[in-house]
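In the text below, chain A, chain B and the rest are named by the order of the sequence lines, each starting its count at 1.
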Number of protein chains: 2
Amino acid sequence: MVKNTGRPGYLQIADDLRAQIRGGALAPGSLLPSTAQLAERYDASLSVVKMAVGILRNEGLVIGQQGKGVFVRDAEVAPATAGALEGEVAELRTAVQDLSARLAKVEEQLATSTTHRPGRSSR
Amino acid sequence: MVKNTGRPGYLQIADDLRAQIRGGALAPGSLLPSTAQLAERYDASLSVVKMAVGILRNEGLVIGQQGKGVFVRDAEVAPATAGALEGEVAELRTAVQDLSARLAKVEEQLATSTTHRPGRSSR
DNA sequence: CGAGCCAACTAGGTTAACTATGTTGGCTAA
DNA sequence: TTAGCCAACATAGTTAACCTAGTTGGCTCG
């Protein structure tokens with residue numbers, strides 16, 4: 001599959017997957033083919049597929065879940081609207097506040113239990 | 001240098017370099033240390049450094065020139081790209097997701113190690 | 001002196017192997 | 001039937017190796 005153009009293979013695959021997502025061929029919430037399947041489809045090595053998926057993951061287009069697969073993210077596909085970004089920023093801000101509160105709670109628990117801890121951890 | 005924090009090394013290095021660029025420690029137009037130098041500085045392998053630089057390159061913060069090095073891009077040029085803000089939001093989103101996942105893991109460990117104890121409010 | 005080669009750098013791309021970790025489903029034994 | 005183990009498969013991270021290709025500076029040879 002990977003053409004002989006100067007464009008690297010992992011970018012070609014990322015472009016193709018991105019186009020499929022934007023075009024609707026891969027609907028939001030749907031599961032991408034596994035790394036091995038993509039490698040076979042594009043006739044590429046596992047490494048380049050992992051790199052391509054990593055790019056999309058970095059762009060926020062997909063979300064990888066260990067053990068399950070890579071899912072297409074519910075898109076903020078609207079590229080133009082600047083207001084969408086504001087909403088997303090607000091969402092991120094609340095998320096950060098939530099994380100701060102939870103982290104404070106965990107830190108407090110850790111501080112109170114450090115003297116004698118059951119130490120029950122395994123695996 | 002690296003970590004114990006569970007955050008992948010290539011992300012830590014990318015974060016550090018990004019902070020240096022945003023903070024002005026690495027001025028626009030200046031040359032980043034070579035891959036080998038960065039690998040030694042962060043006590044990481046060449047691969048993770050290349051991945052980190054690749055992320056910044058993908059974000060448009062730096063431009064790599066074969067045979068010469070990796071240069072910090074002019075700050076005014078970067079926003080010219082349409083998706084600069086989106087990229088930054090996506091970056092923050094992945095950071096929040098990462099933090100959320102790590103915090104959830106810590107919370108779970110705390111919850112299970114103390115078997116059941118009062119004062120644990122959930123989300 | 002100058003042209004050209006060459007060695008030593010550089011980034012970039014690709015592949016393979018290994019480890020870690022999480023999910024799932026099937027099998028087995030109580 | 002049910003609980004638990006376990007194999008298979010998934011993403012994710014890391015490392016090492018090899019190759020291409022561009023740049024640079026020094027050295028040699030004409």
Side-chain angles (χ1 to χ4, degrees), chain A residues 1-15 17 26 30-73 121-123, chain B residues 1-15 17 26 30-73 94-95 97-102 104-109 112:
Chain A
M1 157 90 195
V2 276
K3 302 173 297 182
N4 210 358
T5 71
R7 194 155 176 81
Y10 71 94
L11 283 183
Q12 290 184 42
I13 296 178
D15 289 342
L17 291 177
L26 287 172
S30 64
L31 187 65
L32 263 71
S34 72
T35 306
Q37 288 174 333
L38 288 177
E40 187 178 2
R41 168 183 304 181
Y42 290 107
D43 191 27
S45 69
L46 293 176
S47 302
V48 297
V49 172
K50 286 167 69 175
M51 292 177 67
V53 173
I55 289 179
L56 300 183
R57 191 154 40 99
N58 193 270
E59 291 175 355
L61 281 178
V62 299
I63 290 184
Q65 271 183 269
Q66 255 185 230
K68 299 188 70 174
V70 179
F71 295 87
V72 180
R73 192 170 186 279
S121 63
S122 60
R123 184 188 312 161
Chain B
M1 166 89 188
V2 218
K3 47 90 191 268
N4 296 353
T5 70
R7 187 155 174 85
Y10 70 95
L11 284 184
Q12 289 185 43
I13 297 178
D15 290 341
L17 292 177
L26 287 172
S30 65
L31 186 63
L32 263 70
S34 71
T35 306
Q37 288 173 334
L38 288 177
E40 186 178 2
R41 166 183 305 183
Y42 291 107
D43 191 29
S45 68
L46 292 176
S47 301
V48 298
V49 172
K50 286 165 72 172
M51 290 177 69
V53 174
I55 289 179
L56 299 183
R57 189 155 42 96
N58 193 270
E59 291 174 355
L61 281 179
V62 299
I63 290 186
Q65 271 182 268
Q66 259 186 238
K68 301 189 71 174
V70 180
F71 295 87
V72 180
R73 216 169 161 195
T94 57
Q97 287 173 0
D98 177 65
L99 285 172
S100 180
R102 285 160 54 192
K105 187 173 297 182
V106 171
E107 286 175 340
E108 186 174 358
Q109 285 189 8
T112 56

| task | Can you tell me the distance, in whole Å, between the CG atom of A/Leu32 and the C1' atom of D/dA12? | result | 15 Å
Review item, nucleotides 25-27 of chain C N/O atoms under 3.5 Å of protein N/O:
none

| query | Separation of A/Glu40 atom CD from D/dA10 atom C1', in whole Å? | reply | 16 Å
Between the protein and nucleotides 20-22 of chain D, which nitrogen or oxygen pairs are less than 3.5 angstrom apart?
| from | atom 1 | to | atom 2 | distance (Å) |
| --- | --- | --- | --- | --- |
| D/dA21 | N3 | B/Gln66 | NE2 | 3.2 |
| D/dG22 | N2 | B/Gly67 | O | 3.4 |

| note | Rounded to whole Å, CG of A/Asn58 lies from P of D/dG13 at a distance of 11 Å
| query | Does a side-chain N or O from B/Arg7 land closer than 4.0 Å to OP1 or OP2 of D/dG13, or not? | reply | no
| message | According to side chain to side chain contact (heavy atoms under 4.5 Å, CB included), who are the partners of A/Gln37, at least two apart in sequence or on a separate chain? | response | A/Pro33, A/Ser34
| Rounded to whole angstrom units, what separation is found between the OH atom of B/Tyr42 and the P atom of D/dG13? | 18 Å
| Checking side chain to side chain contact (heavy atoms under 4.5 Å, CB included) for the pair B/Lys50/B/Thr35: CA distance, chi angles, key distance, verdict? | CA-CA 7 Å; B/Lys50 286 165 72 172; B/Thr35 306; 3.7 Å; yes
| Sub-4.5 Å side-chain heavy-atom contact between B/Val49 and B/Ile13 | yes
| Of A/Leu11 and A/Gln65, whose closest DNA chain C nucleotide lies nearer the 5' terminus? | A/Leu11
| said: Holding to side chain to side chain contact (heavy atoms under 4.5 Å, CB included), I want the full list of residues that pass it with B/Ser47, two or more places apart in sequence or in another chain. | reply: B/Ser45
| task | Look up atom CD in B/Glu40 and atom CG in B/Leu46, then write down how far apart they are to the nearest 0.5 Å. | result | 10.5 Å
| field | Separation of atom CZ in A/Phe71 from atom C1' in D/dT11, rounded to whole Å | value | 11 Å
| task | With the side chain counted from C-beta on, respond yes when B/Leu61 and B/Arg73 share a heavy-atom pair under 4.5 Å apart, and no when they do not. | result | no
| said: Rounded to whole Å, please give me the gap between CG in A/Leu17 and P in D/dT11. | reply: 12 Å
| field | Interface with DNA chain D, restricted to residues 46-56 of chain B and to heavy atoms under 4.0 Å | value | B/Ser47, B/Val48
| message | If you compare every side-chain N and O of A/Tyr10 against the phosphate oxygens of C/dG13 (OP1, OP2), does one of them come in below 4.0 Å? | response | yes
| task | Would you kindly give the CG-to-P distance between A/Leu38 and D/dC9, to the nearest whole Å? | result | 17 Å
| task | To the nearest 0.5 Å, tell me how far A/Glu59 CD sits from B/Glu59 CD. | result | 10.0 Å
| task | Give a yes/no answer on whether the side chain of A/Ser45 brings an N or O atom under 4.0 Å of OP1 or OP2 in C/dT14. | result | no
| B/Leu17 side, atom CG; B/Gln12 side, atom CD - distance, nearest 0.5 Å | 12.0 Å
| Side chain to side chain, A/Ile63 and A/Val70, heavy atoms closer than 4.5 Å | no
| request: With sequence neighbours left out, write down each residue that passes side chain to side chain contact (heavy atoms under 4.5 Å, CB included) with A/Val72, or none if nothing qualifies. | output: A/Ile21, A/Leu26, A/Ser30, A/Leu32
| message | Is the phosphate of D/dA12 approached by A/Arg57 (side-chain N or O, under 4.0 Å from OP1 or OP2)? | response | yes
What nitrogen or oxygen pairs link the protein and nucleotides 4-6 of chain C at under 3.5 Å?
none

| message | Of the listed nucleotides (C/dG13, D/dA10, D/dG13), which one gets closest to any side-chain atom of B/Pro8? | response | D/dG13
| task | List for me each residue that meets side chain to side chain contact (heavy atoms under 4.5 Å, CB included) alongside B/Leu31, sequence neighbours excluded, and say none if there are none. | result | B/Phe71
| message | Return the CD1 to CG distance between A/Ile55 and A/Asp15, rounded to the nearest 0.5 Å. | response | 8.0 Å
| Which heavy-atom pair separates B/Ala52 from B/Ala14 by the least distance, and what is that distance? | CB-N, 3.8 Å
